[in-house]
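Each chain gets a letter, A, B and so on, in the order the sequences are listed, and its residues count up from 1. All figures in this text were calculated on a predicted structure; none of them were measured in a lab.
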2 protein chains.
Amino acid sequence: MKYSHKLSDAIHILAYVDMFQDGDLSSQAIAGSIESNPSLVRRLMSLLVKADLLATKPGTIAPKLARPAEQITLLVVFQALDTDQRLLHVDEKTNPDCLVGGNIQATLDAAYTQVQRAAEAEMATITLAQIIAGIRERAIQKSSARN
Amino acid sequence: MKYSHKLSDAIHILAYVDMFQDGDLSSQAIAGSIESNPSLVRRLMSLLVKADLLATKPGTIAPKLARPAEQITLLVVFQALDTDQRLLHVDEKTNPDCLVGGNIQATLDAAYTQVQRAAEAEMATITLAQIIAGIRERAIQKSSARN
DNA sequence: TCATTTGTTACTTTATAAGTAACTTGTGAC
DNA sequence: GTCACAAGTTACTTATAAAGTAACAAATGA
């Protein structure tokens, strides 16, 4: 498959909306920053609205965060997406009549769940506010490097 | 894309080789347990050999673990594969002239690396020996459930 | 009422992994 | 030595999930 960067784009949208609250927040403008297209941005925004992370008003250009950036974690954004959320995948088609093939699926599923929990726990510690701060910091570093 | 289950299949091979050391360990037989084909099994085995997890002798049916199952972790198997190992992916194509687009890649990369490290640390705690024990346990549970 | 924007649906394209086939190389039996 | 067979390798085809795109309905406000 293609490597999904939906999570990255969703965070991008949230950061953009928060940072440019007084600027142009049309799906067109946001698509320009992501270098994607407005339709894709609107679909992602729709998912974010459903997850209660973003608030929009149909027909108007007025998106804003549904809660403070400090209270939006990578994890909740991740879980708002409609993509598969498993990071590792069990082979669903193994020989049930074999000692290994018949029991490895459940065994690996338990192991992968453990890994998944560790990853999600880490995602829960990273907030949109931290990402925004990171973006601002890097921008400042760049401008001072130009002197 | 398709969801990769290479990691699952690679672990399957290692478990199979260890558990059936005295049985038929041809790529054909292993493929039967995975319900895949011998060519794919041989390719995976080749990667495991390169990573020094498995030892084979060309032309003969004689694969065996290159080290004890207690010393093979999910992480080293994962890292032996030739697939992309990043669990989360930054969008590589964002507008560099935008405050957000120009700085979000590096910021997210740092955040994703943090999540990756947590997942890998967890993978390092799970050994092939534990997976094999899990397979055996489930097999026993099944046989007692039949009584 | 009309231009503009969001929200939604359907379709096309692209990227990555699985599956397959064919060929080369190595081994051991005879 | 040669022959059957298995590992090892390479190239190609198929399947699948995500990105990209287009089109249109619904909502808004000038």
Of all residues at least two apart in sequence or in a different chain, which pass the salt bridge (Lys or Arg N to Asp or Glu O under 4.0 Å) check with A/Asp109? A/Arg86
It should be established whether A/Tyr3 places a side-chain nitrogen or oxygen under 4.0 Å from OP1 or OP2 of nucleotide D/dA17. no
Would A/Thr127 and A/Gln71 count as having a side-chain donor-acceptor pair, cut-off 3.5 Å? no
Residues pairing under salt bridge (Lys or Arg N to Asp or Glu O under 4.0 Å) where one sits in residues 50-74 of chain B, two or more places apart or in two chains, turn out to be none
Quick check: does any side chain N or O of A/Thr107 sit under 3.5 Å from a backbone N or O of A/Asn103, one acting as donor and the other as acceptor? yes
Would you say the side-chain atoms of B/Thr94 pair up with the backbone N or O of B/Gly101, donor to acceptor, closer than 3.5 Å? yes
How long is the span from the CD1 atom in A/Ile72 to the CD1 atom in A/Ile131, to the nearest 0.5 Å? 12.0 Å
Could you tell me whether a side-chain N or O of A/Lys142 sits under 3.5 Å from a main-chain N or O of B/Gly102, the two making a donor and an acceptor? yes
Step by step, would you call A/Gln116 with A/Leu88 a side-chain contact (heavy atoms from CB on, under 4.5 Å)? CA-CA 8 Å; A/Gln116 181 91 19; A/Leu88 299 172; over 6 Å; no
Taking B/Ile30's backbone N and O only, do any of them form a donor-acceptor pair with B/Ser33's side chain (distance below 3.5 Å, no angle check)? no
The correct set of residues in residues 6-20 of chain A placing a heavy atom under 4.0 Å from DNA chain C is none
Take B/Thr125 and B/Glu122, measure what side-chain contact (heavy atoms from CB on, under 4.5 Å) needs, and give me the verdict at the end. CA-CA 5 Å; B/Thr125 70; B/Glu122 197 66 32; 3.8 Å; yes
Please, which pairs that meet ring pair (Phe, Tyr, Trp, His ring centres under 6.0 Å) have at least one residue in residues 66-96 of chain A, sequence neighbours excluded? A/His89-B/Tyr3
Near DNA chain D, counting only heavy atoms under 4.0 Å, which residues of residues 87-97 of chain B show up? B/Lys93
B/Asp9: what forms a side chain to side chain contact (heavy atoms under 4.5 Å, CB included) with it, not counting sequence neighbours? A/Asp91, B/His5, B/Ile34, B/Leu40, B/Leu44
Starting from P on C/dA15, measure out to NZ on A/Lys2 and report it in whole angstrom. 6 Å
Considering the terminal five base pairs at each end of the helix from C/dT1-D/dA30 to C/dC30-D/dG1, what angle separates the two local helix axes, rounded to 10°? 10°
Distance-only donor-acceptor check, side chains B/Ser39 and B/Asn37, under 3.5 Å: no
Can you tell me if A/Gln85 has over 12 outside heavy atoms packed within less than 6.0 Å of its CD? yes
Show me the pairs that pass ring pair (Phe, Tyr, Trp, His ring centres under 6.0 Å) and involve residues 29-72 of chain B, at least two apart or across chains. none
A/Gln79 CD: over 12 foreign heavy atoms closer than 6.0 Å: yes
Could you give all pairs that pass the ring pair (Phe, Tyr, Trp, His ring centres under 6.0 Å) test and reach residues 16-57 of chain A, with sequence neighbours left out? A/Tyr16-A/Phe20
Set out, line by line, the N/O atom pairs under 3.5 Å between protein and nucleotides 25-30 of chain D.
none

Per the under-4.0 Å heavy-atom filter, residues of residues 21-55 of chain B near DNA chain C come out as B/Ser36, B/Asn37, B/Ser39, B/Leu40, B/Arg42, B/Arg43
What residues 78-85 of chain A contributes to the DNA chain D interface at heavy-atom separation below 4.0 Å is A/Thr83, A/Asp84
